[in-house]
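Small disclaimer: the values here were computed from a predicted structure and weren't measured.
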Amino acid sequence: MRRAPVLAVAALLLAPLVAATSPADAGPVRAAADPSPYHATIQITDHGIPHITADDWGSLGYGSGYAVADSSICNLADTLLTARGERSKYLGPNGRYADMVTPAATNLEVDAFVTDLHNRHVVEDLLASPAGPSERAKQMVDGYVAGINRWIEDNAVTDPACAGAPWITPTATSLDLWYGVYMANLIASSGQFISAIVGADPATLDDPGLPVDLPNLPTNNTQARSFATKVNRDKLLRALGHDSAFGSNATAIGGDDSSTGRGLLLGNPHFPWAGRYRFTQQQLTIPGQYDVAGASLIGSPVVNIGWNKDVAWSHTVSTAYRFTPYEYFTPGPGTTYLSANGVRKQAEHRFVDVQARQPDGSIATVHEDLYRTPQGYVIDAPSMFMGWTAASFWAIRDANAEHLRTIDTFLNMGEATDVRDLLRRQDAGGGMPWVNTTAADSSGNALYADHSVVPNVTNALATRCMTPVGLVLKLVAGLPGLNGALADGACKWGTDPDAQRPGIFGDQHLPDVVTRTWVMNANDSFWTPNNKIRLEGYPDIIGCEKCVRTMRTRMVQQYVVDRLKQGKETPATLRGHEYENRVRAGEIMRAGGKLDQVCAQTGETQACAVLKAWDGHSDASSVGYQIFEAFVTRAPTGTGLWSVPFQPRDPLNTPRTMKTGPKVVAAMKAAINAVRNAGVAFDATWGSLQVAGDRGAPAYPLGGGDGDLAGNANALASRLASTNTDRYKPVTYGSSHIQAISFLADGSVLPRTILTYSQYEDPTSPWSSDQTQLYSQEQWVDFPWTPTQVQQQLVRTIDLQGS
C-alpha cells in the first residue's frame, strides 16, 4: 500500500540562521544525534545559497532535499502532490494545475492521467529496466526524499501559501519523487495533451471531432498541400506547445575569441518565476570525487545547469519534437481500428478512480476513462487536426515516456572534464529530455549540441508513413503524423546502434559542433550556432534548416559579432551583454528612419516625439520602449512587414527594411491606443511600468522585455497570476538562473550568477527578493565556489544526520 501524502511546507532554513550575518556567527547547528545512513553538512552562504558536502550519494541527496524543502517547501509539496495524483482530493477537482509551461488542465484531468500511470506501474517498471536510473541516482533520490521528510519533522511551515496544509506530512516516498521526475520529462510531449487525453471519446453527432474553422480534412496528399496553406501556423504551434514560449539563451566563447584564452559561458534560461519549474541554487560536493554548482529545478537532487572546475554548461529549449502522432483509421465511429492487412483491433479502454473533494468538504470517488493503443494514449484534439472523428483517431508515442534517465544524465555531466566529455556523458545518460546544451571549458573549447531525446524518425520514414492529415502537420508545424496501421512495422521508429535505447536517435544523427571561436542558441533550431557555422543535413523532426531566425536569436548573435569587432570577449564584456538591453527589432526598424515614418503617419505627435527620442534600449530608465513593444507585438509578420525578405545566405541580417504601408501604420496606431487605454504615460520610464511580479516581491523596476518579436535577449513576460498588478507589466516569467562562468588564464573559475526571483519562496524570508533587487540594479552575485570563498560568505552551518 502506498504511503500517505508527503510533503510539507516551508520556510527558512532555520529561523535562527537568518539572524547570523558573519562567519563569526556561523557555528554549527547540530541536528539531534541519530545513528543513520545519512550525514551531510550544509553551509549556507549569502542569499541563502546551500553548499552541501557528504561522503556518499545518498547523504548528498539528503542534504539537497533538506535545503530545497527549506527554500521551496510549498512548491515541492505541490509537485509531490501532483505526482501522487491527489490534487483533486485536497484542492478540489475543478481547480487548475497551472505550471506556467504546459496547458492548464484541471486537477481532475491531471489526477486521472497520473493515476493511470500509477495503475500501469509505469515508473516502477522503468526503475527496474535498462531505461531506468543507475544505483547512485536511486541513492540520491532516496536521500533527497529522506531530507525532505526530515525538514518537515524538524520545522514549522511559515510560508502562508501552504502553512497548515493537511497533505504536508513527513511521509514522502522515493516513488513519489520519481513520478515527479517522470512528469517533468513529459512537459514537451504528453504533458501538452493531458486535457486531450483525458477528454478523448469516440465521435458522436454532437461532437464529430472536426476542427471548427477547417472541418473538411484532406483525404489525399494533393488536398493536404492545399489545406496546409489555409492553416494558421502560429495557432497550431501554440496548440502543440511548440511556439518557443518556454525559452532561453546561451552563449559560449572559445579560447580564440576569449581574452583569457579559455572558455567563457553566459547562460540565461527563460523559465517561470512561479510554479513547478523554478530553479534553486546549490553546490554539491563529495570531497575528492564530485564538485559541481549551479541551479536545479524543484524536485531535482542534481544540478541541471551549472559548472565544475573544468566545464560550464547551460540549456535552451530545443525545437525537436519528443513525440509523433499516429493516425488510426476506423471502419466507422468507435474504438475499432484497422491494423496491417486490414485486421481489426480495439483501442484499450482504461478506467481510473480519483478521490475528489466536494464543495461540502466530503470526499467522493470520480470515475474517468482514457484510451490507449500500443503506441500510447489516444487524444482528441480537433484544434490540432487530430480529433477523434468517425473516420480515424490519433494516439501519441512519446519518447520521453520511455525512460527515466534524466537524473543520471545531469549527474554524469557534473563529472565532465571538457566539453567533449560532457557530450559523451550526456549521450551515455540518454536522458536529456527537451533541451539543447551550450558549454565552454577550461581548455578553450566551446560546444553547441542538440543531443536531446528525439524519436528516430528519419525524413525517409516520415515521407513513406505520413497520412494526408499527417502531411499537413508536417508542412505547417514540422511534425510528421504517421500511419498507425503500420506503427509496429514499416512506420515503427528506428534504432541507432549508438543510442542509449531503441527508438531514439544516437549521436551520429544529432547536431553538434565544437569550436574555439563561439557558439550560441536562443531557441531557434540548431542550424546557425554562430554567424558562420551551419549545421545541415539532419532529420526534419529535430528542427528546420535555412529558416528565419527570431529577433532574439539575432540579438544574442549580434552582441558577440559587435564585440569581436572591437576586441575579444572578456569575462566582463560577456556578462555585460545580459544587462545591455539592446532591442534588435528596434535597431532594424529604425534603419532609414522607417520607424519614425510609420509613427508620423498615425498623426500621434506626442507619442511619436517620445518614440523618436527613445534610446533604443529596454533599460529601466528607457523612455518610450512601451510604445515600441506594443507596436512590435501587433505588427504584421513576414512579407507584410519587411521589404527585404529572409535570405538563407544571410540569416543574421534578414529580413530587414521595414515597410511603411497602411497595415504597418494601423499596427502603430493600435499600439499607441493600447498604451493610452492602459493609462500609461508615453514618457514614463520603462522601469516604472515593468516590475517584479512574483509572489512577495516588491515592485522592483526591471529592464529587458519581449524576446522573440522585439529582440530582447533579457526576455521578460507577464503570464498568469502575479502580484503588483497595479503596474503595467508585472513580470512572472523570463530570465531566471543567469550564470556567467569564466575560466581564467591562471586556471581558476570566476562564477557570477543571479537568480532573478531569489532563492526562497516564502515572502517572510529575507532571501525571498534580495537577488531580485540585485537583478533590478543590474548586479551579480559572487557565487562562492571554493572552500575559502564559502567561508568568507558563510551565514550558518548545519550538521545534518538522519535516516
Side-chain angles (χ1 to χ4, degrees), residues 247 249 251 266 268 270 520 522 550-563 565-566 569 572-596 598-599 607-633 635 652-653 656 658 668 671-672 675 680-692 699-718 727-731 734-735 738 740 754 756 772 774-780:
N249 311 322
T251 302
L266 176 62
N268 180 1
H270 301 153
M520 57 72 64
T550 66
M551 286 294 178
R552 177 160 58 90
T553 290
R554 293 170 68 177
M555 186 72 265
V556 174
Q557 290 202 4
Q558 200 65 44
Y559 277 136
V560 180
V561 169
D562 289 351
R563 171 59 200 173
K565 292 176 182 176
Q566 304 173 44
E569 285 279 14
T573 61
L574 183 63
R575 67 174 176 264
H577 297 329
E578 177 58 40
Y579 291 130
E580 233 173 302
N581 292 327
R582 286 170 58 183
V583 181
R584 190 59 180 151
E587 295 172 354
I588 294 170
M589 290 176 174
R590 277 183 151 175
K594 301 292 186 181
L595 188 65
D596 292 335
V598 167
C599 197
C608 293
V610 171
L611 187 61
K612 186 173 184 177
W614 169 48
D615 64 6
H617 290 248
S618 58
D619 292 325
S621 60
S622 295
V623 174
Y625 174 73
Q626 60 268 33
I627 302 172
F628 180 76
E629 185 167 287
F631 165 67
V632 78
T633 56
L652 184 59
N653 298 303
R656 65 174 183 267
M658 189 173 70
M668 179 65 77
I672 293 170
V675 173
V680 171
F682 296 138
D683 60 354
T685 60
W686 183 232
S688 69
L689 307 176
Q690 178 174 264
V691 300
Y700 292 127
L702 301 177
D706 178 87
D708 288 354
L709 295 175
N712 280 284
N714 187 12
L716 296 175
S718 206
R727 302 302 179 97
Y728 178 69
K729 189 179 177 184
V731 170
S735 298
I738 308 168
I754 195 76
T756 57
T772 312
L774 292 177
Y775 176 59
S776 169
Q777 297 166 347
E778 301 186 352
Q779 297 184 25
W780 295 89

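Here Ile754 contributes atom CD1 and Ile738 contributes atom CD1; the two are 7.0 Å apart, rounded to the nearest 0.5 Å. Remark: Leu774 CG to Trp780 CH2 distance equals 11.5 Å, nearest 0.5 Å. In this structure, Asn581 CG and Leu702 CG are separated by 10.0 Å, a value rounded to the nearest 0.5 Å. Atom CG of residue Leu266 and atom CG of residue Asn249 lie 8.0 Å apart, to the nearest 0.5 angstrom.
Each salt bridge (charged side-chain N to carboxylate O under 4.0 Å, His left out) pair with one or both residues in residues 583-592, not counting sequence neighbours, appears once here: Arg582-Glu587, Arg584-Glu587. Pairs of residues two or more places apart, or lying in two chains, that qualify as salt bridge (charged side-chain N to carboxylate O under 4.0 Å, His left out) and include a residue from residues 616-633 are Glu629-Lys729. Counting only residues at least two apart or on different chains, no salt bridge (charged side-chain N to carboxylate O under 4.0 Å, His left out) pair has a member in residues 680-689. Each side-chain hydrogen bond (donor to acceptor under 3.5 Å, both in side chains) pair with one or both residues in residues 607-616, not counting sequence neighbours, appears once here: Asp615-Ser622.
By the side-chain hydrogen bond (donor to acceptor under 3.5 Å, both in side chains) test, Thr553 is found to be paired with Asp524, Thr550, residues two or more places apart in sequence or in another chain being considered. Among residues two or more places apart in sequence or in another chain, the side-chain hydrogen bond (donor to acceptor under 3.5 Å, both in side chains) test is passed with Tyr775 by Asn714. Every residue two or more places apart in sequence or in another chain that forms a side-chain contact (heavy atoms from CB on, under 4.5 Å) with Val632 is listed here: Ala585, Met589, Phe628, Leu709, Ala710. The side-chain contact (heavy atoms from CB on, under 4.5 Å) search around Leu689 returns Gln626, Val680, Ala684, Trp686, Tyr728, not counting sequence neighbours. In this view, Ser618 and Asn712 satisfy the side-chain hydrogen bond (donor to acceptor under 3.5 Å, both in side chains) rule, not counting sequence neighbours. Remark: Ala620 engages Pro701 in a side-chain contact (heavy atoms from CB on, under 4.5 Å) (not counting sequence neighbours). Applying the salt bridge (charged side-chain N to carboxylate O under 4.0 Å, His left out) criterion to Arg656, with sequence neighbours excluded, gives Asp650. Phe631 pairs by the ring pair (Phe, Tyr, Trp, His ring centres under 6.0 Å) definition with nothing, not counting sequence neighbours.
Taking both residues in full, the closest heavy atoms of Tyr559 and Ala713 are given as CE1-CB, 3.9 Å, listed atom of the first, atom of the second, then distance.
Arg552 contributes a side-chain N or O that, together with a main-chain N or O of Ala522, makes up a donor-acceptor pair within less than 3.5 Å. One N or O on the side chain of Arg554 and one on the backbone of Leu652 form a donor-acceptor pair closer than 3.5 Å. Formation of a donor-acceptor pair under 3.5 Å by the Ser776 side chain with backbone atoms of Tyr700 is not found in this model. For the pair Ser718 (side chain) and Pro730 (backbone), a donor-acceptor distance under 3.5 Å is present.
Side-chain contact, Glu580 with His617: no donor N or O sits under 3.5 Å from an acceptor N or O.
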